[in-house]
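All of these numbers come straight from a predicted model, not from anything done at the bench. In what follows, every chain begins at residue 1, and chains take the letters A, B, ... in the order their sequences are listed. As a basis for the values below, the full set of heavy atoms in this structure was taken, side chains included, without hydrogen atoms, waters or symmetry mates.
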Amino acid sequence: MSTAIVQLRGVSKTYTRGKQSVEVLKALDLDVAQGDFLALMGPSGSGKTTLLNLIGGLDQPTRGEVIVAGERIEKLKSSALAAWRARNVGFVFQFYNLMPMLSAQKNVELPLLLTKLSASERARRAKIALTVVGLAERASHKPNELSGGQAQRVAIARALVADPTLLICDEPTGDLDRKTADEILGLLQTLNREHGKTIVMVTHDPKAAEYATHQVHMDKGALAKEEVP
Amino acid sequence: MKYFPLLWATLWRKKTRTWLTLFSLIAAFLLLGLLQAANSVFNGGGVQNLGANLLITQARVSFTSPLPLRLLPQIEAVPGVESVSFSQFFGGVYKDPKNFFPQFAVAPERWLKTFTECTLPAEQAAAWKNSRTAAIAGKQLAERFGWKVGDRIPLVSQIFPLKDGSRAWEFDLVGIFDNTSADSCPRMGNMYIRYDYFDEARLFGQGGAGIYVLRIADPNRAEAIGRQIDQMFENSPDETKTQTEKEFSLNFVRQLGNLSLILNSILGAVFFTILLLTGNTMSQAVRERIPELAVLKTLGFTNGGVLGLVIAESLLLCLLGGLVGMGLANAVMGALAHAPVQMPPLKADAHVWAIALASMFGVGLLVGLPPALKAMRLSIVDGLSGR
């Protein structure tokens, strides 16, 4: 039996906008095993992205425990949480979120700026990450010189370069055509199967969810059902 | 240093805007360099090379009131005075009114003995003593007009006509003086004619000279000697005011008004505008890349790290504009040194550079801090969703 890398216990999240409070997550429990590829599905407003943000340490729960990679991250202070993210989590976003003024190589090197690696070592590791995603020959290209699929590969390389335990993907194929989406999902599957990366992916797309080893459906801030494809 | 490529790339994210802001900063620091250098001159920095052991005795009322030459023996007799020269401002223009430069009527022997930081070849000194219409010029002045020894120099005096009523004087250039090997001659833009010829030929004012220039043995006694001379002529028709050459020059410049206040007011207005302009640019630049800053935080950059990056970007922009502006100011000052200007050469000394660097860091911090604080406080979730 695999060890749970993500453990959520009684996690609630309430947003307050003006006088209105909206409870987005309701006393949610969830375990994600090490090496799992989990697809979080559900309608808009069901709390998928909020859950993803909590797992990735981008946001704090209103109540409950969030234990990821052995750390109670809801208890970490801002700077410690930032360092924890840099060590443990790689992020892939729907719209790639690359730095438009940096080359693919420099974008991938960004997380390594926070390490004590030398410039040459940073460059070497970025090159390897780009090779893993099949974009080594595009290293010098800027994001606006890349297709959507290529830009997402660069984003995946950036997420991988610091060798995190966990990959958090928020609609990684939401901006791509079917063929390119399949390529990206195939790449994520390879990273999961061959490199042992635990992946938590939010998606609306049932076809994308088929690449995952588990699917969790959410509705109105709670887990609705769990499936193994 | 490892963040420099990121900072540099971020700075040039919007090239046109960065160039326009840089031009504004360059213009502001060019102005700062020039005006602060001028300020430094007006406050004594530009007259540092004037002799510490030279005193100027002028009429107490004003240096435009001549002193009679009969005071000479009494001044010469004051203990500590090594030599005395006297001079009368001639006020001539060369060919065209815009070709103005200082000319003085002096006694050659006394001039050579008093102004020892300037050197004149022996044969040229002899020629100056031997011809009543002879004149000498500083090397800088000769180069400005392309003069060489033997040239006849026509001057139209704005003050002194000849006895026939004409204002057209002519002098023979017999010598060109230069710095000595040890000292820098601060009179290289001047021309000196012979007092005896001038005094005899002028229509009025015979027997008077504008100032006496005294070389003293011990600069530490300057005040005491000056006081003694002034006391000698107290309550006489020719009361005097004696001061160091440096003080005399500064007082001359200060007649123009409180230039420091004027210059600093101009700079204040310029930098206030630059603060608003650059501040607006930086705020806009940061506002536009809120999602990118959120991504940096997502990747593990701390709030303090993001604050530091934005401030560093602002400092980089201001340092870049400031250093280029100061570099241009130095180039302009270098060019002005060879131009026909009636003031000591401008130079951005350590004091001016200190002000410029402090301004670069000050502006950089002031304009960078508000957007940097905003970036620091940015919530990742809000930033990623573009809120």
Practice task
Starting at CE of M101(A), measure out to NZ of K15(B) and round the result to the nearest 0.5 Å.
Solution key: 11.5 Å
Problem - Atom CZ of F272(B): over 12 foreign heavy atoms under 6.0 Å - result: no
Fill in the blank from the handout: Cut-off 4.5 Å, heavy atoms of chain B, and the answer for F95(A) is neither
Fill in the blank from the handout: Closest non-hydrogen contact found for D382(B) with R17(A) is OD1-NH2, 3.9 Å
Fill in the blank from the handout: Honestly, the part of N53(A) sitting under 4.5 Å from a heavy atom of chain B is side chain
Practice task
State, with a plain yes or no, whether a side-chain heavy atom of M99(A) is found less than 4.5 Å away from one of T10(B).
Solution key: no
Problem - Residue H195(A) excluded, over 12 heavy atoms near NE2 under 6.0 Å - result: yes
Practice task
For W19(B), look at atom CH2 and say whether over 12 heavy atoms of other residues, nucleotides or ligands are found less than 6.0 Å away.
Solution key: no
Completion exercise
Pair count under 4.5 Å, heavy atoms only, with chain A: among L299(B), T298(B), N303(B), I380(B), highest is T298(B)
Fill in the blank from the handout: Here the pair of heavy atoms bringing F301(B) nearest to L114(A) is N-CD1, 3.6 Å
Handout entry: Contacting region of S379(B) [heavy-atom separation from chain A under 4.5 Å]
Key = neither
Practice task
Provide the closest heavy-atom pair for V381(B) versus Y15(A) in the form atom of the first, atom of the second, distance.
Solution key: CG1-OH, 4.4 Å
Handout entry: Exercise: identify the closest heavy-atom pair between G300(B) and A86(A)
Key = CA-CB, 3.9 Å
Problem - Part of residues 103-112 of chain A lying next to chain B, heavy-atom separation under 4.5 Å - result: L110(A), P111(A)
Practice task
Please round to the nearest 0.5 Å and tell me the distance separating atom CH2 of W8(B) and atom CG of L102(A).
Solution key: 14.0 Å
Fill in the blank from the handout: residues 124-144 of chain A vs chain B, non-hydrogen distance cutoff under 4.5 Å, contacting residues -> none
Practice task
Side chain from CB out, backbone as N, CA, C, O: work out which of these in R158(A) comes under 4.5 Å of a heavy atom of chain B, or both, or neither.
Solution key: side chain
Problem - Within 6.0 Å of NZ in K2(B), more than 12 heavy atoms from elsewhere - result: yes
Exercise for the section: Against chain B, label S78(A) side chain, backbone, both or neither, depending on which of its atoms sit under 4.5 Å from a heavy atom there. Expected result: side chain
Handout entry: Residue part contacting chain B, namely of L58(A), when any heavy atom lies under 4.5 Å
Key = both
Problem - Heavy-atom side-chain proximity of E292(B) to P100(A) below 4.5 angstrom - result: yes
